[in-house]
Amino acid sequence: MTTENFIDNSKHRYTKESKFFVCKTPRLCKYLQELGFTFNKCIPDRKNPFYNVWIFTNSDDLYQVVSDYFVNRKYDK
């Protein structure tokens with residue numbers, strides 16, 4: 001899968017034009033923080049309030065890192 005196909009094949013509706021990125025997994029949140037990104041706030045998930053989501057302000061760098069994360073399947077390792 002290439003980065004161009006990330007939007008089409010992803011179950012997330014995250015695009016380059018999105019204002020925010022909603023991170024639903026602690027592993028991805030930790031990975032983004034290790035790379036120097038900081039989330040704006042942590043709120044309960046709308047679909048399942050027993051879980052939290054982390055809200056990041058979108059940027060070109062963040063989009064590239066997230067798309068590479070899913071393209072390279074780093075979440076499975």
Side-chain angles (χ1 to χ4, degrees):
M1 182 185 330
T2 63
T3 305
E4 292 81 29
N5 295 332
F6 166 68
I7 297 169
D8 298 332
N9 294 329
S10 175
K11 56 186 167 183
H12 303 282
R13 293 203 167 107
Y14 174 53
T15 65
K16 228 175 194 180
E17 291 77 30
S18 299
K19 188 172 181 178
F20 298 102
F21 171 63
V22 179
C23 179
K24 294 189 170 222
T25 63
R27 183 177 289 177
L28 175 56
C29 183
K30 181 181 176 193
Y31 178 71
L32 293 173
Q33 288 177 323
E34 288 172 353
L35 293 176
F37 296 99
T38 57
F39 61 88
N40 296 343
K41 59 182 167 178
C42 180
I43 59 173
D45 189 350
R46 289 181 185 170
K47 292 183 179 179
N48 189 348
F50 293 110
Y51 292 97
N52 290 328
V53 296
W54 296 267
I55 310 297
F56 289 84
T57 302
N58 193 18
S59 68
D60 290 337
D61 293 336
L62 179 68
Y63 181 81
Q64 188 62 45
V65 169
V66 171
S67 61
D68 289 345
Y69 181 86
F70 285 107
V71 168
N72 296 327
R73 300 184 54 88
K74 291 182 181 176
Y75 56 93
D76 277 349
K77 295 180 181 179

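Nothing here was measured: the structure is a model prediction, and the numbers come from that model.
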Go through the structure and list residues passing side-chain hydrogen bond (donor to acceptor under 3.5 Å, both in side chains) with [X], not counting sequence neighbours.
{"X": "N52", "result": "none"}
{"X": "S59", "result": "none"}
{"X": "D45", "result": "none"}

Sub-4.5 Å side-chain heavy-atom contact between [X] and [Y]:
{"X": "F56", "Y": "V66", "result": "no"}
{"X": "P26", "Y": "W54", "result": "yes"}
{"X": "C42", "Y": "F39", "result": "yes"}

Testing the basics here: between [X] and [Y], what is the closest heavy-atom pair and its distance to 0.1 Å?
{"X": "C23", "Y": "C29", "value": "SG-N, 3.5 Å"}
{"X": "F20", "Y": "I55", "value": "CD2-CG2, 3.8 Å"}
{"X": "Y63", "Y": "K16", "value": "CE1-N, 3.5 Å"}

Inset, instruction - Treat each ILVMFWY residue as a node, draw an edge where side-chain heavy atoms are under 4.5 Å apart, and state whether L28 and L35 are in one component. - result: yes
Inset, instruction - Please confirm whether the backbone N or O of S18 pairs with a side-chain atom of N58, one donor and one acceptor, at under 3.5 Å? - result: yes
Legend entry - Inter-residue atom distance K41.NZ - T57.OG1, 0.5 Å rounding: 10.0 Å
Inset, instruction - Assess the side chains of D68 and Q64: does a donor N or O sit below 3.5 Å from an acceptor N or O? - result: yes
